[in-house]
Amino acid sequence: MLGPERMPVVDWWFENRDDDFVYGFPAVDTNRSTMKLATEKFLEAESPDADNSPSLESDAFFERCVRGRIRGVNSRLVRSSTCFYTCTPDRGFIIDWLPATNKQILLLSACSGHGFKHSAAVGEFVAAKLNEQRTIVDSAAFSLDRFQSDR
C-alpha cells in the first residue's frame, strides 16, 4: 500500500537539465495502490491542441524519470492529465512597476499554477510594495530589469 503513512513525498532532480526531475506523492483517495508522479517541461513549448497520446507520454516519462529510481512503482497508467501554464524564461515571478507609468501600474505575473503555491507570500509582497513598505525579500528577484540583455 502506498498511503501517506508509508510513502514519502518525492522531489528528485536526477540530472543537470531543467527537465530532469520527478515529483510525486501517495494517493489520498480510496485507491491506496497508486501515487501521483509527474514532471515539468521547461525546455520546449507545448500546445494544448497537440495530439499527445497519454499512454505514449506516460511510457516515455516512466522510462526517463521513474524506472530504477522509485522502487515498487510500475508503469501502469491509472489516469493522465496535463496542466498547462505560462512562465518567465527564468521561471520566476514578475512583480514590478510597469516602466513609463510613474508607479501607477504594478505588473504581477505569478506564473499560473506555480504562483498559486506561493500566493500568500506573493500577496504579502505585493501589499508591501503598493504601500511602499520594506520587505525582507530582494525586489530585484522579481524585477523586469533581470530580463535586460545587458545584465
Side-chain angles (χ1 to χ4, degrees), residues 2 4 7-29 34-71 73 75 77-151:
L2 296 173
M7 177 65 198
V9 171
V10 175
D11 189 8
W12 189 351
W13 292 84
F14 51 85
E15 294 291 337
N16 293 323
R17 294 182 350 185
D18 286 342
D19 289 357
D20 290 334
F21 80 100
V22 61
Y23 68 91
F25 42 88
V28 292
D29 59 11
T34 64
M35 65 181 298
K36 175 183 178 173
L37 289 172
T39 191
E40 296 187 26
K41 292 183 178 181
F42 294 121
L43 301 177
E44 57 191 60
E46 295 282 333
S47 168
D49 297 326
D51 184 19
N52 295 325
S53 166
S55 61
L56 293 176
E57 287 271 329
S58 173
D59 290 345
F61 163 71
F62 184 82
E63 291 301 321
R64 188 171 66 84
C65 298
V66 180
R67 183 180 297 283
R69 291 190 171 88
I70 305 174
R71 190 178 348 191
V73 176
S75 63
L77 177 64
V78 174
R79 187 174 73 207
S80 176
S81 64
T82 301
C83 175
F84 287 97
Y85 59 89
T86 60
C87 62
T88 61
D90 64 0
R91 292 177 301 285
F93 305 139
I94 297 172
I95 306 172
D96 201 359
W97 296 107
L98 194 61
T101 64
N102 199 26
K103 292 191 174 185
Q104 294 297 306
I105 299 174
L106 183 65
L107 180 61
L108 171 60
S109 170
C111 301
S112 300
H114 178 65
F116 178 78
K117 299 172 203 171
H118 302 279
S119 60
V122 168
E124 184 177 318
F125 181 79
V126 168
K129 191 158 186 84
L130 290 171
N131 290 299
E132 298 181 353
Q133 297 172 340
R134 293 186 59 175
T135 68
I136 61 170
V137 177
D138 179 8
S139 292
F142 305 126
S143 171
L144 284 167
D145 290 341
R146 73 184 195 269
F147 301 112
Q148 297 299 320
S149 60
D150 59 346
R151 286 193 84 197

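Given the structure is predicted, the values throughout are model-derived calculations rather than measurements. Numbering starts at 1 and runs along the sequence shown. Just so you know, these numbers use all the heavy atoms, side chains as well, and skip hydrogens, waters and symmetry mates.
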> Who passes side-chain hydrogen bond (donor to acceptor under 3.5 Å, both in side chains) against E63, sequence neighbours left out?
Replying inline: R67
>> Test of understanding: with side-chain contact (heavy atoms from CB on, under 4.5 Å), list the residues that count as partners of A38, not counting sequence neighbours.
In response: Y23, K36
> Which pair of non-hydrogen atoms, one from S143 and one from D145, has the smallest distance, and what is that distance?
Replying inline: OG-N, 2.9 Å
> Residues two or more places apart in sequence or in another chain: which of them pass side-chain contact (heavy atoms from CB on, under 4.5 Å) with A128?
Replying inline: Q133, T135
>> For S75 versus S58, what's the shortest heavy-atom pair and its separation?
In response: O-OG, 4.4 Å
> Quick one: salt bridge (charged side-chain N to carboxylate O under 4.0 Å, His left out) partners of R69, sequence neighbours excluded?
Replying inline: none
>> If the condition is side-chain contact (heavy atoms from CB on, under 4.5 Å), which residues does I136 pass it with, not counting sequence neighbours?
In response: none
> What pairs with F125 under ring pair (Phe, Tyr, Trp, His ring centres under 6.0 Å), at least two apart in sequence or on another chain?
Replying inline: F142
>> Return the CG to CG distance between L106 and L130, rounded to the nearest 0.5 Å.
In response: 5.0 Å
> Listed by chain and number, what are the side-chain hydrogen bond (donor to acceptor under 3.5 Å, both in side chains) partners of R64, not counting sequence neighbours?
Replying inline: D20
>> Looking at every heavy atom in both W97 and K103, which two are closest together, and how far apart are they?
In response: CZ3-O, 3.3 Å
> When rounded to the nearest 0.5 angstrom, what is the spacing between CH2 in W12 and SG in C65?
Replying inline: 11.0 Å
>> Could you work out, with side-chain contact (heavy atoms from CB on, under 4.5 Å) as the rule, every residue matching L107, not counting sequence neighbours?
In response: I94, L98, L144
>> Run the side-chain hydrogen bond (donor to acceptor under 3.5 Å, both in side chains) test against N102 and tell me which residues pass, sequence neighbours left out.
In response: none
> So, T39 side chain and V22 main chain: donor-acceptor pair closer than 3.5 Å or not?
Replying inline: no
>> According to salt bridge (charged side-chain N to carboxylate O under 4.0 Å, His left out), who are the partners of D90, at least two apart in sequence or on a separate chain?
In response: R146
> Would you say the side chain of V73 lies within less than 4.5 Å of the side chain of F62, judging by non-hydrogen atoms?
Replying inline: yes
